[in-house]
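Presented below is the structure to which this report refers.
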Amino acid sequence: MRRRRRRRRAGGALPVILALLALILGVGAVVAAWIRTDTKDRSGKLTGPVVLARAEELAEAGLGARRPSLSEEAEDIRENVPAWEAEGEENQEEFPDIPEPAVPEETLEPDFAAAPKLRVVLDPGHGGPGLTDEQELGAIYRDTYEKYLTLEIAKAMEEELSQYGNIEVFLTRDTDQAMTLKERAAYAESVGADLLVSLHLNASLEHNFYGSEVFVSAFDWFYARGAGVGESILNQLTDYGFVSKGVKTRLGSKGADYYGIIRECKSLGIPALIVEHGYMDEDGDWARMCTAEDLHTLGQRDAAGLAAYFGLEKGRTLSKLPSLEEAVPFYPVRPDTTPPEGVWYQKERQRDGRWLITLHGVERESRLMYYDYSLDGGATYSELSLWGTGETIQFYLPLSGEEILSFRVYNNYELRTGTDE
């Protein structure tokens, strides 16, 4: 009896074991299927099973272990968020595409080949081996030839401009070489010049004038470009201590531009300007150009003025240059050809014994620039003094009352009117 009972018990346990094993295998199959089919938990976040299932899917697809981009993952998450969860949250946040980070435009490296280039020709005035040719020598004062000084200024200007981007610089001459005005203009055309700057130093017949001035074409766009650059250079020269006589034009007897280099360049479509830095025969101006260091400074000032006008930057090539606002005249900008008008003076003795002089003048076409006076009826005159502003100025003179006074008033074209005329 006992043996039979034991056999029944042993035989009844086997089906139970088999049933438990089948149950375990069934649960495992369900879990495995869930891992493969539902790759998100209810939060919509990537969890451990999700990562495992994703890796298996990529391996089966032959994609290896490539890591999906942030935008791919965001899109996958958005597509698989359960509908019930999206509907149950009124403020459910979207998972936007994550764009590539934008690079600020100013940090982009410019295409140097495509960057705009300004081509400028510097023309050191005069030059040549002649010993008597005034055109080659230029002004001659203090045992110095203008042709040497202009060459030093041009080289310094070239050196300074080479530190700016968006510009190419050429010299009509870099030695003591003779060139005609036509040859200088032709050279500028051959290098595709956008501008020619002719560099000079000044002198006057009476050796009394001083200041910087710029001459440009009198016509349309050639005037606008030349005047713009000229004013910018004059600003630099006045900061250095020169007096500005302004940007001016000069016409010949036939109505064309008077100065040959301006006229020849205009015929080739190139705007040109003449920079007269100062007067070699006047002590105050000469003190700013008499050493190699002074000449180098003048070249640097010229370069800074030109660069400022065109918006060039040191050490940087711009992909685009600033736009220029240039007022193009409809008619030729004619020079002032008439002297000041309404010139008179009066004197009044003060209590301290000095004499107060009131001097009056009118200039409708340009501007009043200087005045001087004589105590001996015009036999000799004082040095030129700056006029200032307005039509009337006042100043003191130490007089005895016996002097024969005479005054002269000048405009910036060096035309004058005297009180005894």
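No hydrogens, no waters, no symmetry mates; every other heavy atom, side chains included, goes into these values.
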Which atom pairs, one a donor and one an acceptor, fall under 3.5 Å between side chains of residues 188-196 and the rest of the protein, sequence neighbours left out?
residue : atom : partner : partner atom : Å
Ser190  : OG   : Tyr187  : O            : 2.6
Asp194  : OD2  : Arg119  : N            : 2.8

Task: Under 3.5 Å: donor-acceptor pair, side chain of Ser198, backbone of Gly125 - done: no

TODO: Name all residues meeting the salt bridge (Lys or Arg N to Asp or Glu O under 4.0 Å) criterion together with Asp176; count only those two or more places apart in sequence or in a different chain, and write none if there are none.
DONE: Lys147

Open item on the list: List the residues meeting ring-ring contact (aromatic ring centres under 6.0 Å, His included) with Tyr223, not counting sequence neighbours, and say none if there are none.
Closed with: none

Open item on the list: Going by side chain to side chain donor-acceptor pair (under 3.5 Å), name the residues that satisfy it together with Tyr240, two or more places apart in sequence or in a different chain.
Closed with: Asp294

- [ ] Please identify each residue that fulfils salt bridge (Lys or Arg N to Asp or Glu O under 4.0 Å) with Arg301, with sequence neighbours left out.
- [x] none

Task: CD/Glu383: more than 12 non-hydrogen atoms of other groups inside 6.0 Å - done: no

Open item on the list: Quiz question: by atom type and distance under 3.5 Å, do the side chains of Thr172 and Asp123 form a donor-acceptor pair?
Closed with: yes

Task: Counterpart residues, salt bridge (Lys or Arg N to Asp or Glu O under 4.0 Å), relative to Arg351 (two or more places apart) - done: none

Task: Set of side chain to side chain donor-acceptor pair (under 3.5 Å) partners for Arg334, sequence neighbours left out - done: none

TODO: Test the Arg408-Tyr381 pair against the cation-pi criterion, namely NZ or CZ under 6.0 angstrom from the six-membered ring centroid and within 45° of the ring axis.
DONE: yes

Open item on the list: Given 3.5 Å as the limit, does a donor-acceptor pair link the side chain of Arg173 with the main chain of Met179, or not?
Closed with: no

Task: Contacts of type side-chain contact (heavy atoms from CB on, under 4.5 Å), residue Thr238, not counting sequence neighbours - done: Ser244

Open item on the list: Side chains of Asp257 and Ser217 only: does a donor on one sit below 3.5 Å from an acceptor on the other?
Closed with: yes

Task: Phe209 and Tyr279 aromatic ring geometry - parallel, tilted or perpendicular at 30°/60° bounds - done: tilted

Open item on the list: Are more than 12 heavy atoms, taken from residues, nucleotides or ligands other than Glu134, located less than 6.0 Å from that residue's CD atom?
Closed with: no

Open item on the list: Surrounding CG of Asp143 (heavy atoms of other residues, nucleotides or ligands, distance under 6.0 Å), is the total greater than 12?
Closed with: no

Open item on the list: Please determine whether a side-chain nitrogen of the Lys or Arg among Arg416 and Glu206 lies less than 4.0 Å from a carboxylate oxygen of the Asp or Glu.
Closed with: yes

Open item on the list: Does this structure show an ion pair linking Asp283 with Arg142, if we count only N-O contacts that are shorter than 4.0 Å?
Closed with: yes

- [ ] Mind checking side-chain contact (heavy atoms from CB on, under 4.5 Å) for Gln163 and listing every partner two or more places apart, or none if nothing turns up?
- [x] Glu160, Lys314

Task: Partner set under salt bridge (Lys or Arg N to Asp or Glu O under 4.0 Å) for Glu313, not counting sequence neighbours - done: Arg316

Task: Results of side chain to side chain donor-acceptor pair (under 3.5 Å) for Glu146 - residues two or more places apart only - done: His126, His200

- [ ] State which residues pass side chain to side chain donor-acceptor pair (under 3.5 Å) with Arg288; sequence neighbours excluded, sorted by chain then number.
- [x] none

Task: Close side-chain approach of Leu306 to Val120, heavy-atom, < 4.5 Å - done: yes

Open item on the list: Under 3.5 Å, is there a donor on one side chain and an acceptor on the other for Tyr370 and Asn208?
Closed with: no

TODO: Could you tell me whether the side chain of Ser374 and the main chain of Ser406 form a donor-acceptor pair under 3.5 Å?
DONE: no

Task: Candidate pair Asn166 and Thr317, rule side-chain hydrogen bond (donor to acceptor under 3.5 Å, both in side chains), full reasoning - done: CA-CA 6 Å; Asn166 303 96; Thr317 298; 4.8 Å; no

TODO: Output yes when Lys248 and Glu213 qualify as a salt bridge under the 4.0 Å nitrogen-oxygen rule, no when they do not.
DONE: yes

Open item on the list: Any non-hydrogen side-chain atom of Tyr259 less than 4.5 Å from a side-chain atom of Ile274?
Closed with: yes

TODO: Might you confirm whether atom NZ of Lys347 has over 12 heavy atoms from other residues, nucleotides or ligands at distances under 6.0 Å?
DONE: yes

- [ ] Could you check whether the rings of Phe407 and Tyr345 sit parallel, tilted or perpendicular, using 30° and 60° as the cut-offs?
- [x] tilted

